[in-house]
Amino acid sequence: MRRDGGGRIDRSRVLRFRFDGQEYTGHPGDTLASALLANGVRQVATSVRLGRPRGVFAAGGEEPNAVVQIEEPFPEPMLTATTVELYDGLVARSLAGQGRLAAGPDPARYDAVHAHCDVLVVGAGPAGLAAARAAAATGARVILADDQPEPGGGLLGSRDEVDGVPGAEWAAATAAHLEEQPEVRVLRRTTVFGYYDDNYLVAVERRTNHLGAAAPAHVARERVWRIRARRVVLATGAHERPIAFAGNDLPGVMLAGAARTYATRYGVLPGRRAVVFAANDGAYAAALDLADAGVDVAAVVDPRPAAGELVAARLRERGVELLAGHVVTAARGDGQVSSVEVSPVSSGGVSSIDADLLLVSGGWNPVVHLFSQSGGTLRYDEAIGTLVPDASTQAVEAAGAARGVFALPGCLADGTGAGARAASASRAASASRPVEAPRAEETPEAAPLAYWLVPADDYTGHFVDLQRDVTVADVHRATGAGLRSVEHVKRYTTAGTAHDQGKTSGLLTSAVVAQALGVPVAELGTTTFRAPYQPVSFAALAGRDRGALHDPVRVTALHEWHVANGALFENVGQWKRPWYYPRPGEDMEAAVLRECAAAREGVAAMDASTLGKIDVIGPDAGEFLDRLYTNLMSSLKVGSIRYGVMCRPDGMVFDDGTVIRVADDHFLVTTTTGNAAAVLDWMEEWLQTEWPWLRVHLTSVTEQWATVALVGPGSREVLAGLAPGLAVGVDDFPFMTWREAEVAGVPARVCRISFSGELAFEINVTSWDGLRLWTEIMDTGLVTPYGTETMHVLRAEKGYPIVGQDTDGTVTPQDLGMSWVVSKKKPDFVGKRSFSRADTMRTDRKQLVGLLPEDPEVLLPEGTHLVSTGTLPEPPVPMLGHVTSSYRSAALGRTFALALVRGGQGRHGERLYAPVGDTLVPVTVTSHVLYDPEGARRDG
Amino acid sequence: MLLIPCPWCGPREEAEFHYGGQAHVAYPEDPAALSDEEWARYLFFRDNPKGVFAERWSHSAGCRRWFNALRDTATNQIHGVYRVGEPRPVAS
Amino acid sequence: MSPRPPGADLPEHPDRLWNAAEPKSSYDVVIVGGGGHGLATAYYLAKNHGITNVAVLERGWLAGGNMARNTTIIRSNYLWDESAGIYEHALKLWEGLEDELDYPLLFSQRGVLNLAHSLQDVRDSVRRVEANRLNGVDAEWLDPRQVKEVCPIVEISPDVRYPVMGATFQPRAGIAKHDYVAWGFARAAAALGVEFIENCEVTGLRVSDGRVTGVETTRGSIAAGRVALCAAGHTSVVAATAGIDLPLQSHPLQALVSELLEPVHPTVVMSNAVHVYVSQAHKGELVMGAGIDAANSYRQRGAFHIIEQQMAAALELFPIFARAHVLRTWGGVVDVTPDASPIVGLSPVDGLYLNCGWGTGGFKATPGVGWCFAHTVAHDEPHPLAAPFSLDRFVTGALVDEHGAAAVAH
Amino acid sequence: MAERRSPAAAYAGRFEAASRGGALRLAELPFLTQIDVRVDPSSPAAGDIGDALGVPLPVEPGTAVRAGSGADEVTVAWLGPDEWLVVAPEGHRVELLRKGLGDRHGSIVDVSAQRTALLVTGPRARDLLAHGCALDLHPAVFGPGACAQTTLARAQVVLIPREDGFLLLVRSSFAAYLAEWLLDAAAEYVA
Ligand SMILES: Cc1cc2nc3c(=O)[nH]c(=O)nc-3n(C[C@H](O)[C@H](O)[C@H](O)COP(=O)(O)OP(=O)(O)OC[C@H]3O[C@@H](n4cnc5c(N)ncnc54)[C@H](O)[C@@H]3O)c2cc1C
Ligand SMILES: NC(=O)c1ccc[n+]([C@@H]2O[C@H](COP(=O)([O-])OP(=O)(O)OC[C@H]3O[C@@H](n4cnc5c(N)ncnc54)[C@H](O)[C@@H]3O)[C@@H](O)[C@H]2O)c1
Ligand SMILES: Cc1cc2nc3c(=O)[nH]c(=O)nc-3n(C[C@H](O)[C@H](O)[C@H](O)COP(=O)(O)O)c2cc1C
Ligand SMILES: [Zn+2]
């Protein structure tokens, strides 16, 4: 229920929300959990396996129980009610273990940002604030990140004072002071969730969640911060630890510090009459604060023989009974706590105390998750019965409760020291004065006891992992089955694998295992801490790399024309290439047949700008290319062009393209579209790492040039019209040469090469002029634009292979019927040695052939396999090869295919069968060159 | 994400680099003189130590230079970088 | 409304699994590595070949390597005949494994879709489907509409950056609960007399006159007539102690899970171009694999940008995942060969046998490789299904290159 | 006759709209001269090229020099230990550099159309780029006089800080992608 006053909530404003169908109200500053408690809602979830009622257990992100489904403004699964800031119009419901995804797309924006700092401080509790303050005082670049909406950490939930003012006030003032400094960034609502190599940390900032439906659409809802920090201070605080006893999962059982936070920070009393079960003095502060806030504290039950004198005295002052040397053996109640059974540690007598609230504190576990993720090792500290940071492997240190320093003055001093050290270590020279630590009252404490498990005969009601419904009995079954490692126990019981990743239960589980096996907890350790520290939405991690921005779309200088003229596009690597240009009423087949006919009978043009282009310059350029291509390039004459193939050292075809000799010391190499970057990298690798003495420089000029392929018997005439100054006759401009000329009024390099078998020219102009050239060509009214599909048909008719389509990384040039491109003269080139390996010498390798289906109408699907028999035997059926390319050819008046076939070069004329669906299609093997094998057409 | 100190550009994000595997595997002087076994070793066999590894990186999104690094594959710690042609430093 | 308490779906485990043993001074066979492959090999050595004086030596906790870390995809629709042979053998064993081991493995044949996103993907996919069929492996080619029928949440709109142009589908493929598979093999092998020695790292192989004689471990020397390597990502390190170089590189491979969600994803989806592989495990968590770290490393964690890329890719194909949360990420160390196919068979040292190089895809092979490797060890001769995967292929050049056409190799 | 066209020409209007609020200014600087120079920095040729340019080739990695003004303005950015990018207004002559090099070993390649230049300036320019650039763009670390080849979002860029922002050179085929990316990232700053 809500207290009359107090708390850091704005009582002047009322927020309306719904939970499990009921209307409730709360205030700004509330979390969903505090608002539910204020409204007296006890059960907030149902347990996953056993279907038991569960209530709010903690007050922060470590919450194991109160996992809810957000339904509105937009469905979001499994958020902890303790971290959901209340907003108007929130609709949520309780869950039984599984969340629900929205059926439609998420309209919100997400983004990421890179940040750099000298000192990253994680956590803005007293230790973190002190650290940031000390670091900032040196002028260092500081980032302070905290997952709460306001800084202060534990101070927000206590009545402690710092430097003589209430802790929360001090925190707010300190944060404001920090924010005034130009090189300090304070990130609120920001969870650092991963700690990676070289002090790379990632955090997620929740920027608009708390605004509900009022969140502005143009602001990213969540932002991932990618932070490189020179030094890191982890001031992440500590999580309170539960104790296992019967019924410890009932609503009403709550961590002591959480109850105190609800009372102090949220002005909510989580119950009326409380029993406190604790084995450390710190929890007494919770008892005292609750008592002062109006909770009837029936008793404090402490397994230690005695509590600290100071806290004991304070209890006495308020008339609260202290049952030292006692334990809680059970929480009882129907659906929530109604009574608590208490027994002396030494003897059996049980007494029962009426209460609706049972506050538990088995001690505190420093939040070592990020430290462990950083590669730091942990050490079991016997005095406080928990794991603390030990040796670090990166530039990081923990401070305050995160290091096991729990008293406030210690936290402040620890943070101050860590911040100052981090700042000075991160900068070359720092000449600033050390700042003094803020002051707080020292409270003497008695030694805590690491108390885990209340002994019993039956452990089926002692829960360790509330969210995964794992009991001590389950753990004992695992150890009983022979398991010895906490990792095995985790996987056998599922303890620690839920939404909370065992934040409150992990060490408790280890302790139970240790006890069962009779080994020290220190030896057993815990399971591995992994990122993310708190669950992070997929969308936040995807950021803006989605949709059109998912992967760059690369376009040529002519792209706008292709779009405007109805091209359909094919993705080739990152490029968009025109696939074909359907006219109204045309399907792909009709369009491609038309485009092919234009190229074979008239004039057609293609945008070939995507081919990779590399300038190879230097006195040794020829020799360099000789080493990489299978054929000889150094003998190429200036003004001429040669086709070449590159292999990997294993002898398999890697890329192909043309090489033109621009000058004695200057070649221009073209690569396939998809391989442009890979080929340049490949060349640089050989040049820099193997042959650094070769005097060669490589420069990518792919986008410098727009390239138009002008193809067809009429292409000469069209070119002549556009380039009056260029002699285009066969003798003036022979095949495989190039010329410089003005085409359409712009300077161009024109190459006479052909990938179609027809007379063709490739016109290269700067990409600025590409559109201009293309438009001029189209404006002649004589030229049909064609796309990649037509290009594929034309080249396949000629038997020109496409790397990646007719090859798959297991094909040599010889397999492609291109022994002619493999130099016999050169002593060596990359790949040569592999041609004489046993496997590459086989005569029954798969080789490129043509296939003619006996029925000239039948089009073989690409990917179809070939068999030798007219009926299929039982599987496995021996396969001879497969169809790599298959088209309907206007020029041939029939269908045809290219295939890689075992021993194919010796099979010309043979009949094979292609299983297509349920039929076996008879095909005849032929040469892979089907169109104009004499090469009569290339000169027009 | 590693922060890799390019010998020219200084520390840059791992994503800017291209990994090149083991360093100091020279292309054989005369491949034709090698047995199939020897050639196979060159093609396919690379050290794969757990510990300090001399490896190649190319700063492909930066200065496009290949260089070598000594990195501990058990910890990811980079002990040093050196340029192609420079001798492998003694690991600290 | 939550239709069912998901945790309740998890089966009860038998009350006894295995006993951690103290090492004896000598065994007939020592298996290095207690992952799925080591355990399955031990089981079939005992079951099929009557060899029971066997110890499985595991440096950490049993099956805590890649067996504990993989995305559990099981399929046999590989391109090449050699691969189809061994993976299909494994799949057939999977189909009877729960009964064989008398252990609930949650083997679920929910089918696997391999999406195609480019014209070349389509060609490669059809090629693989057709090869599968002729090899007797169930396979279908689905158009985008059929893909949507199998998995309604896949985005098949043509407007995404890399639209789905179809998919191959293997109905018999699916997933299984990795830990249970390991424990099922361990328990069954233990019942036949095999011993399991945990926290026992093999630090050296003992070789004399070209024959293996035993192993050095962190728990002392152990003599062995035969030694079978099943150390996955660490194989190079162990083999090097006997002077054996292998064509392996070890890389971290990451995976992640979401919180438990109501059932949304009925099958397994893999995509090469938009790098995604995802299924929804029995409890309800989405299990998703990320990319491999480019650089060699022996750390069971990877770089974060790879997770970010993974999420961006996942949301391209599954926009409804936007507000699911990543609960946990982790990494394994996978040993990758030049041709993305494993090495199984004899080694240059007598009595020492190699099983490695399964890289990113060896979980699915677990029973099959256990079967074949046990045969290889028992007979000192490669099982016929393993024969194409000899170390020798790197010399002859007869690689089984599964890069080109096999899609993501999981 | 059609005009020549720069790679981000289609974005002029949207760049202008995004620049209106004052937080950011986005613009393409079309048709700049860009020349890729490769030469051994210790060779006399390097010195002669510098003389031809009027400023020496910067040898310190990650630095750029800017000299002259108006039509004579030139920026020379270090791209690699033997590679520079010369950026100048239209008309700056390749031949000039070729003459500087002479017939000695080196390469001078006109790459004016290979990349286009985007100017990103204004008070939020650094924040904008930080969404996709992992470099520390703090002026004390990366201010005038610096330059870098790096990645911005998923595109490779040459980044040259200016007094009030950055000059960003991106390959022409990526220009539309990067323009879309910048405009999308700017949503929060210009709304
Ligand atoms: C993230 C990820 C996702 C994957 N997804 C899939 C998938 O979907 N489908 C699929 O089929 N495959 C997948 N794999 C691959 C699969 O996990 C492995 O191929 C397979 O597990 C390897 O065999 P194993 O189970 O025996 O290996 P492991 O379980 O790694 O076993 C090797 C064991 O050897 C131990 N060892 C190592 N060195 C020594 C030593 N010196 N002494 C003693 N013991 C030693 C290790 O500790 C380890 O336990 C994935 C892998 C990863 C990492
Ligand atoms: N025995 C006891 O009584 C006892 C025990 C523990 C703590 N305390 C008190 O708690 C306070 C401890 O101070 P402190 O500064 O060390 O810790 P703190 O708990 O006050 O502050 C830690 C802050 O870090 C935040 N945080 C944790 N992990 C984070 C992450 N990954 N990303 C972003 N933010 C994260 C938390 O939300 C919190 O705001 C002191 O006031 C101390 O007296 C008392
Ligand atoms: C198929 C599969 C499903 C998993 N499901 C979960 C899960 O629901 N919750 C969880 O915390 N971890 C889950 N894990 C991850 C494990 O907790 C753990 O991270 C993994 O076994 C690697 O071990 P390590 O992180 O301890 O190194 C799952 C792992 C796999 C392989
Ligand atoms: Zn560099």
Side-chain angles (χ1 to χ4, degrees), chain A residues 114 116 194-202 226-230 374-377 393-395 531 614 627-628 647-652 677-678 680-693 697-700 824 826-841, chain B residues 1-5 7-8 10-45 54-68 71-78 83-86:
Chain A
H114 295 265
H116 302 258
Y195 198 143
Y196 290 85
D197 289 332
D198 297 325
N199 265 9
Y200 185 65
L201 293 92
V202 280
R226 304 168 178 160
I227 305 169
R228 276 281 175 205
R230 287 178 194 276
S374 80
T377 54
T393 56
Q394 300 205 42
I614 302 164
R627 289 167 180 249
L628 286 178
C647 290
R648 296 263 178 200
D650 68 358
M652 304 303 148
L680 179 61
D681 287 351
W682 179 245
M683 293 176 124
E684 284 286 6
E685 180 174 348
W686 285 96
L687 184 58
Q688 292 181 34
T689 70
E690 291 293 343
W691 313 314
W693 62 85
H697 288 127
L698 307 172
T699 308
S700 167
K824 316 271 175 311
K826 290 194 284 182
D828 191 32
F829 55 83
V830 172
K832 180 175 166 86
R833 173 63 184 83
S834 289
F835 297 145
S836 54
R837 286 191 303 169
D839 198 68
T840 28
M841 300 271 280
Chain B
M1 171 109 71
L2 299 176
L3 194 63
I4 300 175
W8 285 277
R12 293 288 188 94
E13 302 286 320
E14 180 182 346
E16 289 193 4
F17 296 84
H18 176 84
Y19 187 59
Q22 186 181 350
H24 311 301
V25 182
Y27 186 73
E29 282 292 327
D30 182 6
L34 299 186
S35 67
D36 280 0
E37 282 76 15
E38 288 164 335
W39 181 242
R41 294 200 74 73
Y42 168 71
L43 284 182
F44 298 123
F45 289 67
E55 64 191 11
R56 302 184 309 153
W57 292 88
S58 158
H59 189 191
S60 47
C63 64
R64 301 200 297 128
R65 292 304 96 186
W66 282 89
F67 61 91
N68 299 322
R71 185 178 54 96
D72 189 325
T73 60
T75 63
N76 268 5
Q77 200 191 328
I78 295 175
R83 297 173 184 183
V84 171
E86 291 178 355

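- Remark: side-chain polar atoms of Gln688(A) are paired, donor with acceptor, to backbone N or O of Arg64(B) under 3.5 angstrom.
- Neither the backbone nor the side chain of Leu201(A) comes within contact range of chain B, judged by heavy atoms closer than 4.5 Å.
- Of the two parts of Thr393(A), neither the backbone nor the side chain holds a non-hydrogen atom closer than 4.5 Å to a non-hydrogen atom of chain B.
- Counting heavy atoms from C-beta outward, Glu14(B) and Asp198(A) have side chains that stay 4.5 Å or more apart.
- Residue contact with chain B, scored on non-hydrogen atoms closer than 4.5 Å, involves the backbone and the side chain of Pro649(A) alike.
- Contacts between Asp828(A) and chain B at a heavy-atom distance below 4.5 Å involve the side chain alone, from C-beta outward.
- Using a 4.5 Å cut-off between heavy atoms, Trp66(B) touches chain A through backbone and side chain atoms alike.
- Between Arg56(B) and Glu685(A) there is a side-chain heavy-atom pair separated by less than 4.5 Å.
- Heavy atoms closer than 4.5 Å to chain B are found in the side chain of Arg228(A), but not in its backbone.
- Leu43(B) has its side chain within reach of Ser834(A): a pair of non-hydrogen atoms, C-beta onward, lies under 4.5 Å apart.
- For the residue pair Val830(A) and Tyr27(B), the shortest heavy atom distance occurs at CA-OH, 4.2 Å.
- Proximity to chain B (any heavy atom under 4.5 Å) is shown, for Phe835(A), by neither the backbone nor the side chain.
- A heavy-atom distance below 4.5 Å is found between the side chains of Asp36(B) and Arg833(A).
- Considering all non-hydrogen atoms of both residues, Asp650(A) and Phe44(B) come closest at CB-CZ, 4.5 Å.
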